[in-house]
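Naming convention: chains lettered A, B, ... in sequence-line order (proteins, then strands); numbering from 1 in each chain. What you see is a predicted model, and the numbers here were worked out from it, not measured in a lab.
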There are 2 protein chains.
Amino acid sequence: MQFSKSTDYALHALIHLAQAEDRNNIGVKELSAILSVSESYLSKIMSKLRKDGIVRAVSGVKGGYELAKTAEEITFLEVIQAIEGRQQMFECSNLNSKQHQLLAELSNTEPKPKATDRDECLVKKVMDGAEQHLHQYLREHTIQFVLDQATKRCNYSINKK
Amino acid sequence: MQFSKSTDYALHALIHLAQAEDRNNIGVKELSAILSVSESYLSKIMSKLRKDGIVRAVSGVKGGYELAKTAEEITFLEVIQAIEGRQQMFECSNLNSKQHQLLAELSNTEPKPKATDRDECLVKKVMDGAEQHLHQYLREHTIQFVLDQATKRCNYSINKK
DNA sequence: ATATTATGGATATCTAATGTCCATAATAAA
DNA sequence: TTTATTATGGACATTAGATATCCATAATAT
Ligand code: SF4
Ligand code: SF4
């Protein structure tokens with residue numbers, strides 16, 4: 001039940017892209033140096049982000065990555081899902097058991113149950129509910145939220161000079 | 001980012017123990033038959049639940065397992081943590097990078113930061129916050145909550161006769 | 001004593017995460 | 001056009017963790 005390192009790398013890479021908003025097309029070379037990850041591995045991660053429309057990529061000399069939308073629009077949830085996929089956290093592995101029949105088959109107690117409710121019990125619903133709560137929280141937080149902290153610090157440094 | 005099958009098995013085993021509250025000491029034999037898991041594997045799972053004080057076990061003839069507390073007192077969270085452990089979902093793997101120094105070292109912006117805040121940035125705080133939300137939800141739901149559904153159905157069956 | 005049951009160590013197998021390598025395509029610059 | 005640079009994607013290797021089995025031992029009801 002842990003997020004993969006890839007998710008960690010993806011978040012940090014995006015933050016770097018967001019911080020260097022002025023400079024366009026930051027290559028995997030620079031990113032991998034900052035994150036202390038190999039270029040080959042980080043490439044796979046950046047490709048996933050590109051496929052999900054989170055960053056744009058351009059090949060060739062002076063190529064690289066840039067955010068495909070503003071940092072305000074990039075939520076933690078979509079980054080995590082781009083990397084980890086979208087399978088549900090809890091998958092029933094007991095659907096043929098007597099227990100499942102007892103818990104999930106409500107067709108006898110309720111005259112006309114919806115088809116979608118027929119094969120789920122409250123275990124599944126609690127776990128799915130938990131996932132939805134997690135998702136909601138992650139949807140409400142964006143890369144910009146993290147950036148604000150860094151920006152605050154940056155402004156302070158500038159004023160200091 | 002998925003719960004393990006072991007967690008699935010643990011929840012189902014506990015529900016069976018809770019449903020058979022009258023009969024004490026239900027063996028791994030019966031449980032494994034109901035869940036369609038091998039006895040050896042389920043043994044490990046039950047041991048974890050026992051170590052965390054969720055079930056009681058008694059060896060020997062007529063031995064087996066029973067809930068160590070009421071179904072109302074057993075939360076989803078403690079079951080999941082008994083099986084999956086208690087590591088945090090997000091672990092920083094970038095603590096030596098320049099980026100971390102920029103994001104996390106706030107000692108310059110705030111005169112006297114608490115020691116606990118010094119080595120965390122908002123990425124970490126968002127992820128930990130998400131985990132806390134997930135935990136809170138799982139803490140609020142108990143085995144009894146699932147049981148109520150089954151009981152309702154059971155009562156209906158009885159009335160039907 | 002005997003049969004039964006849980007426990008824990010050792011070990012095997014399988015799967016997903018992590019990591020590397022290379023051939024190819026795209027593109028800016030010379 | 002040629003060259004250097006960069007992203008892309010397939011293949012593959014390695015590692016770590018989840019899943020699964022086996023067995024020796026302890027505990028306990030009969
Ligand atoms: S629906 Fe409920 S009883 Fe059936 S397999 Fe899923 S969690 Fe188990
Ligand atoms: S504290 Fe923030 S910047 Fe530092 S390693 Fe953790 S997530 Fe990354």
Would you kindly give the CD-to-C1' distance between B/E30 and C/dT4, to the nearest whole Å? 15 Å
Does any non-hydrogen side-chain atom of B/Y65 lie less than 4.5 Å from one of B/N25? no
When you measure only distances, ignoring hydrogens and angles, does the side chain of B/K44 come within 3.5 Å of the base of C/dG9 through a donor and an acceptor? yes
Length of the NZ-C1' vector between A/K29 and D/dT6, whole Å: 9 Å
Quick one: label A/S43 by what it contacts on the DNA or RNA (base, sugar-phosphate, nothing), any heavy atom closer than 4.0 Å. base
Is the shortest side-chain N/O distance from A/S4 to OP1 or OP2 of C/dT18 below 4.0 Å? yes
Please report, rounded to the nearest Å, how far the P atom of C/dA17 is from the CD atom of A/E84. 8 Å
Start at the 5' end of DNA chain D and walk down; is the nucleotide closest to B/F3 or to A/V61 reached first? A/V61
Residue mapping more 5' on DNA chain C - nearest nucleotide basis, A/S40 or B/R50: B/R50
Please report the interatomic distance CE(B/M46) to NZ(B/K44), rounded to the nearest 0.5 Å. 14.0 Å
In whole Å, I'd like the distance from the CD atom of B/E66 to the C1' atom of C/dA6. 14 Å
Can you tell me the distance, in whole Å, between the CD atom of B/E39 and the C1' atom of D/dC23? 14 Å
Rounded to whole Å, OH of A/Y41 lies from P of C/dC22 at a distance of 20 Å
Look at all strands and tell whether B/V37 reaches a base, only sugar-phosphate, or nothing, counting heavy atoms closer than 4.0 Å. nothing
Measure CD1/B/I80 against P/D/dA18 and give the value in whole Å, please. 14 Å
Residues, nucleotides or ligands: over 12 heavy atoms within 6.0 Å of A/K69 NZ: yes
Is any side-chain nitrogen or oxygen of B/S38 closer than 4.0 Å to OP1 or OP2 of D/dA20? no
Closest-nucleotide ordering on DNA chain D, the 5'-leading residue of A/Y65 and B/Q87: A/Y65
Check whether the side chains of A/H133 and B/Q136 place a donor and an acceptor atom closer than 3.5 Å, and report yes or no. no
Considering heavy-atom distances to DNA chain C, does A/T7 or A/S59 have its closest nucleotide positioned more toward the 5' end? A/T7
Heavy-atom count check: over 12 atoms from other residues, nucleotides or ligands less than 6.0 Å from A/Q2 CD? yes
Is the base of D/dG9 touched by the side chain of A/K51 through a donor-acceptor pair closer than 3.5 angstrom? no
Determine the contact category for B/S47: base if any of its heavy atoms lies under 4.0 Å from a base atom, sugar-phosphate if only primed atoms, P, OP1 or OP2 are that close, otherwise nothing. sugar-phosphate
Starting from P on C/dT27, measure out to NZ on A/K62 and report it in whole angstrom. 17 Å
